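Here the structure is a predicted model, which is why all the values come from computation and not from measurement.
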Amino acid sequence: MKLAFNLLLDLWYVWVLLIISAILSLLRPKIKGVLGEKSVSFFLARLDPKKYKVLNNLLIKVGSKTVQIDHVVVSNYGVFVIETKNYQGLIYGKEYDEYWTQVIYKRKEKFYNPIRQNYGHIQALKEILSDLGDIKFISVIVFTTKADLKIETKTDVVWTTKLIKTIKKYNRECLTDEQKEKIFQRLCSMNVNSYKNMREHVRSVRSNKLKVNK
């Protein structure tokens with residue numbers, strides 16, 4: 001017994017490594033998501049601040065629900081609503097599919113169509129900005145360059161490296177500086193992003209996913 005106990009003590013570092021590995025495994029999806037959003041924030045920071053106003057990680061309340069939006073860019077050319085996905089491997093799907101597929105080697109996993117997801121975000125924004133007139137919303141889905149995109153869509157689905165070029169291809173002004181400022185200030189005032197609210201939002205999303213999977 002004593003020998004076994006001493007052996008366990010001698011191998012304490014193995015147990016520590018196993019615990020750390022388990023924790024990292026649980027946190028890996030969250031870490032990947034944060035890194036993906038940060039890389040997009042980096043690119044968006046290069047936009048001309050006179051023409052584009054950027055909001056990252058926006059959390060708004062619409063009725064009794066909260067809606068989290070990765071990035072919103074309010075510009076003279078419309079309001080860009082950006083959903084980021086830090087996925088790798090082959091990604092394929094179509095505009096109106098309910099789910100897209102990720103393929104890594106021979107393993108396939110389905111995930112909810114981000115175009116549909118972003119459509120929900122746009123509908124939420126339309127609701128809270130409805131009194132500010134006719135606003136042009138532009139949906140953009142962004143993947144990191146680790147993804148091999150085989151997507152058939154009209155909606156812009158691009159890599160992070162193509163994001164700025166994609167945004168700048170919309171060059172017809174449809175909002176005045178005054179309208180742009182009003183929209184931006186409204187979104188800032190309605191942003192309820194805090195640690196507590198974000199935790200509640202994540203808990204709600206996970207609960208809904210469990211209900212769908214049952």
Side-chain angles (χ1 to χ4, degrees), residues 20-21 23-59 67-75 77-122 125 136-172 187 193 198 201-202 205-206 209:
I20 292 173
S21 177
I23 292 172
L24 288 176
S25 178
L26 289 172
L27 293 178
R28 188 174 292 116
K30 185 176 181 179
I31 293 171
K32 286 173 63 179
V34 169
L35 290 175
E37 290 181 26
K38 290 296 182 184
S39 66
V40 171
S41 299
F42 171 78
F43 284 106
L44 293 177
R46 295 162 52 187
L47 290 168
D48 181 357
K50 294 179 181 178
K51 290 290 185 180
Y52 303 90
K53 290 182 171 289
V54 179
L55 280 165
N56 299 307
N57 200 15
L58 181 68
L59 186 67
V67 178
Q68 188 271 331
I69 306 174
D70 292 337
H71 313 275
V72 176
V73 179
V74 185
S75 77
Y77 316 103
V79 176
F80 296 86
V81 184
I82 302 169
E83 173 66 23
T84 65
K85 295 296 179 187
N86 192 9
Y87 288 5
Q88 60 182 328
L90 174 65
I91 307 293
Y92 65 86
K94 297 181 180 180
E95 182 92 17
Y96 301 107
D97 289 346
E98 185 173 1
Y99 293 94
W100 287 1
T101 303
Q102 176 191 36
V103 182
I104 300 178
Y105 300 112
K106 293 183 178 181
R107 180 168 57 87
K108 292 184 179 182
E109 289 189 10
K110 292 189 178 294
F111 61 99
Y112 190 61
N113 182 343
I115 294 176
R116 288 190 172 210
Q117 183 181 359
N118 218 29
Y119 175 79
H121 297 162
I122 290 173
L125 290 175
K136 179 181 180 181
F137 290 92
I138 302 157
S139 178
V140 183
I141 312 301
V142 184
F143 284 83
T144 61
T145 52
K146 293 181 293 183
D148 180 14
L149 301 177
K150 302 296 182 184
I151 305 297
E152 298 178 32
T153 67
K154 292 181 180 178
T155 301
D156 291 306
V157 180
V158 300
W159 289 296
T160 49
T161 52
K162 301 289 184 181
L163 177 58
I164 298 302
K165 184 178 180 180
T166 299
I167 289 174
K168 288 186 175 180
K169 79 177 182 179
Y170 295 91
N171 53 19
R172 182 176 296 179
L187 294 179
N193 192 349
M198 188 57 73
H201 172 74
V202 170
V205 170
R206 286 175 178 170
K209 283 184 178 179

Do R46 and Y52 have side chains that get closer than 4.5 Å, going by heavy atoms? no
N118 side chain to I115 backbone, donor-acceptor under 3.5 Å: no
Is L44 close to N56 at the side-chain level, that is, under 4.5 Å between some pair of heavy atoms? yes
Side chain to side chain, K168 and L47, heavy atoms closer than 4.5 Å: yes
Between the side chains of N86 and T144, is a donor N or O closer than 3.5 angstrom to an acceptor N or O? yes
T101 vs L90 side-chain heavy atoms within contact, under 4.5 Å: no
Are there over 12 heavy-atom neighbours, none belonging to K154, within less than 6.0 Å of that residue's NZ? no
With a 6.0 Å cut-off on the ring centroids, do Y87 and F111 count as close? yes
N113 (side chain) donor-acceptor with E95 (main chain) under 3.5 angstrom: yes
Start with the C-alpha distance between Y170 and D156, add both sets of side-chain angles, then the distance that settles side chain to side chain contact (heavy atoms under 4.5 Å, CB included), and finish with yes or no. CA-CA 12 Å; Y170 295 91; D156 291 306; 2.6 Å; yes
Tell me whether W159 contacts the main-chain N or O of V142 through its side chain, where contact means a donor paired with an acceptor under 3.5 Å. no
Side chains of Q68 and D70, donor plus acceptor under 3.5 Å: yes
Are the side chains of E98 and Y112 in touch, meaning some heavy atoms are under 4.5 Å apart? yes
Close side-chain approach of I138 and K136, heavy atoms under 4.5 Å: yes
Spell out, as yes or no, whether a donor-acceptor pair under 3.5 Å connects the side chain of R172 to the backbone of Y77. no
For a side chain to side chain contact (heavy atoms under 4.5 Å, CB included) check, start with the C-alpha distance between L59 and V67, then their side-chain angles and the critical distance, and finish with the verdict. CA-CA 6 Å; L59 186 67; V67 178; over 6 Å; no
Enclosure of Y119 OH (heavy-atom neighbours >12, cutoff 6.0 Å): no
Heavy atoms, side chains only, cut-off 4.5 Å: are S75 and K53 in contact? no
CD1/I122 to CD1/I69 distance, rounded to the nearest 0.5 angstrom? 8.5 Å
Could you grab the distance from atom CD1 of I104 to atom CZ of R107, nearest 0.5 Å is fine? 5.0 Å
Could you walk me through whether F80 and F137 satisfy the ring pair (Phe, Tyr, Trp, His ring centres under 6.0 Å) test, starting with their C-alpha distance in whole Å, then the side-chain angles of each, then the deciding distance to 0.1 Å, before giving a yes or no? CA-CA 6 Å; F80 296 86; F137 290 92; over 10 Å; no
CD on Q117 to CH2 on W100, rounded to 0.5 Å: 10.5 Å
Nearest 0.5 Å, please: how far is CZ in R116 from OH in Y96? 10.0 Å
Taking the side chain as every heavy atom from C-beta outward, state whether V72 and I82 have any atom pair closer than 4.5 Å. no
Can you name the closest pair of heavy atoms from P114 and I141 and give their distance? O-CD1, 3.5 Å
Straight-line distance of Y92 OH to K150 NZ, nearest 0.5 Å: 13.0 Å
We want to know whether Q102 and K85 form a side-chain donor-acceptor pair, criterion being a heavy-atom distance below 3.5 angstrom. no
Separation between CG of L163 and NE2 of H71, rounded to the nearest 0.5 Å: 8.5 Å
